[in-house]
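Heads up, the thing below is written out as structure tokens.
Every chain is numbered from 1 and lettered A, B, ... according to where its sequence line falls, protein lines coming before strand lines. Below, each value reflects all heavy atoms present in this structure, side chains not excepted, and no hydrogens, waters or symmetry copies.
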There are 2 protein chains.
Amino acid sequence: MEKSEVILSAALKLFVEYGFHGTPTSKIAAEAGVSNGTLFHYFKTKDELTVALYVHVKNDLNNALALRQQKTKDIRTRFKYLFADSIKWSLQNYKEFYYIQQFHFSPHLSLVSKEELERQTQLHLGLLQEAIDAKLLKPLPVELIIQLVGSQIYGLHQYLLEAKLTPAELQNNVDEALELLLTMIFI
Amino acid sequence: MEKSEVILSAALKLFVEYGFHGTPTSKIAAEAGVSNGTLFHYFKTKDELTVALYVHVKNDLNNALALRQQKTKDIRTRFKYLFADSIKWSLQNYKEFYYIQQFHFSPHLSLVSKEELERQTQLHLGLLQEAIDAKLLKPLPVELIIQLVGSQIYGLHQYLLEAKLTPAELQNNVDEALELLLTMIFI
DNA sequence: ATTTTTGTAGAGTGATCAGTCAGTTAATTA
DNA sequence: TAATTAACTGACTGATCACTCTACAAAAAT
């Protein structure tokens, strides 16, 4: 594991627990097992570290989603996989998922370049456009669909995280929620 | 306007723009037009101010929602009103709405007492329980429904805020999204 | 009329923290 | 091997900031 990744990993843990503000760089360095100076060798500022962590986590999520997407042709199936894989990832990486939300509602978001933000929605946007072209979706604005799907994923995640369920119940809930979502936006 | 409200209002403006961290108490006092000491006369600590602002904003939202709820009997209609009024408030008070999210994804949330958090969901929980008792809803877990409705509201809000629409288009979108939501969770 | 409480001010303080710097060690290149 | 660069250290600093303190004015209570 690269040292910069060790630092990012330490930052994630502390940011999620204490927030950006409540986490001094000195604590991050200590948690990562490196000196204060080393942290600033890899990341010029604390803000840069914060943004780098966001990009890193987002890439991780996108990579996890891309796997089955590339192997699947049928649009509706890809849609299902996108939803199911998102939920799966969000539960297995709930700290990372929390950090994404936390970051999203902070002024740090404005430090991320437009291109980077765009790059990160390509997967979703592409699939949605295909679905629209194939006339599979209800005639709703694309941005609205993105928002609704995104928040549906978030809502389900939040519920599943709190409710301690057996794997079978969990799978059942995911399937149901997915079905609800599909009937909501598919024709 | 009470001086404590002036301070809260100043804090809201700055917190939303610069975040908790990026907003020194001195700037809040200056924005509110009071001295540094006065701020701490009304709020013992910055954390207390932060929490007080959250409670204040949430009460405001709940009051806005309660108005039509009390005058309406039919459960489905009350559900519609709750949804429509939430969206309306979130657009008219988008800074307050943003602050709620921001607060939600910060460690400050843990500073709010359980009773206060409970008090703030009573309106929603009550309506939902009535709907369940009247067997109007699909047999889904209450917490899941709450999460789904909440995130649906958030998703629609986010979309409407970005898309600059005419009042008629806006109303249309709200109606459509509401219809989608109703078919999703009502029998 | 006098005491007490409350509201307001703003300079001051101690602690914290992001980021620097001077210097050491390890790795790469010439 | 020598020279150059990169990785790394940790003490240090300048600035910032939450909060205090003393002082005073206005209002309320007695």
Side-chain angles (χ1 to χ4, degrees), chain A residues 1-57 99 102-113, chain B residues 1-57 99 102-113:
Chain A
M1 202 173 180
E2 291 286 317
K3 201 153 275 189
S4 64
E5 282 181 36
V6 176
I7 294 171
L8 287 178
S9 172
L12 175 73
K13 183 185 166 185
L14 296 172
F15 282 161
V16 167
E17 190 164 356
Y18 306 107
F20 307 117
H21 168 217
T23 308
T25 51
S26 56
K27 286 254 177 67
I28 299 173
E31 172 80 26
V34 302
S35 78
N36 226 320
T38 300
L39 187 148
F40 285 96
H41 174 72
Y42 286 99
F43 305 98
K44 276 201 277 288
T45 64
K46 192 184 182 185
D47 274 357
E48 189 179 308
L49 165 64
T50 307
V51 172
L53 178 56
Y54 175 72
V55 172
H56 182 263
V57 164
Y99 181 73
Q102 189 186 33
F103 188 91
H104 229 259
F105 288 105
S106 82
H108 289 110
L109 185 61
S110 62
L111 298 178
V112 183
S113 73
Chain B
M1 203 173 178
E2 291 287 318
K3 200 151 275 190
S4 65
E5 282 181 36
V6 176
I7 294 171
L8 287 178
S9 173
L12 175 71
K13 183 185 166 187
L14 296 172
F15 282 161
V16 167
E17 191 165 356
Y18 306 108
F20 307 117
H21 168 217
T23 308
T25 52
S26 56
K27 286 254 176 67
I28 299 174
E31 173 80 26
V34 302
S35 77
N36 227 320
T38 300
L39 187 148
F40 284 95
H41 174 73
Y42 286 98
F43 304 97
K44 276 202 276 287
T45 64
K46 191 185 182 183
D47 274 357
E48 188 179 308
L49 165 64
T50 306
V51 172
L53 178 56
Y54 175 74
V55 172
H56 181 263
V57 164
Y99 181 73
Q102 189 186 32
F103 188 90
H104 230 257
F105 288 105
S106 82
H108 289 110
L109 184 61
S110 63
L111 299 178
V112 183
S113 72

Contacts table for residues 13-29 of chain B: side-chain donor-acceptor under 3.5 angstrom, sequence neighbours left out:
{"unit_1": "B/Lys13", "atom_1": "NZ", "unit_2": "B/Glu31", "atom_2": "OE2", "d": "3.2"}
{"unit_1": "B/Thr23", "atom_1": "OG1", "unit_2": "B/Leu14", "atom_2": "O", "d": "3.3"}
{"unit_1": "B/Thr23", "atom_1": "OG1", "unit_2": "B/Gly19", "atom_2": "O", "d": "2.6"}

From NE2 of B/His41 across to C1' of D/dA27 the rounded distance in Å is 13 Å

Note: A/Tyr54 and A/Val112 closest approach over all heavy atoms is CD2-CG2, 4.0 Å

The complete set of salt bridge (Lys or Arg N to Asp or Glu O under 4.0 Å) pairs with one or both residues in residues 1-12 of chain B, sequence neighbours excluded, reads none

Whole-Å distance, B/Glu5 CD to C/dG7 P, equals 14 Å

Shorter than 3.5 Å, N or O on both sides, protein versus nucleotides 14-24 of chain D: list them out with atom names.
{"unit_1": "D/dA18", "atom_1": "OP1", "unit_2": "B/Lys46", "atom_2": "NZ", "d": "2.7"}
{"unit_1": "D/dA18", "atom_1": "OP2", "unit_2": "B/Thr25", "atom_2": "N", "d": "2.7"}
{"unit_1": "D/dA18", "atom_1": "OP2", "unit_2": "B/Thr25", "atom_2": "OG1", "d": "2.8"}
{"unit_1": "D/dC19", "atom_1": "OP2", "unit_2": "B/Lys46", "atom_2": "N", "d": "2.7"}

Correct closest heavy-atom pair for A/Tyr99 and A/Thr50 would be OH-O, 2.8 Å

Between B/Phe40 and B/Lys46 the two heavy atoms that sit nearest each other are CE2-N, 4.4 Å

Contact under 4.0 Å: A/Ser35 side-chain N or O vs D/dT9 OP1/OP2
yes

Do B/His104 and A/Phe105 come close enough that some side-chain heavy atom pair is under 4.5 Å?
no

*Do any side-chain nitrogens or oxygens of A/Tyr42 fall under 4.0 Å of OP1 or OP2 in D/dA6?*
no

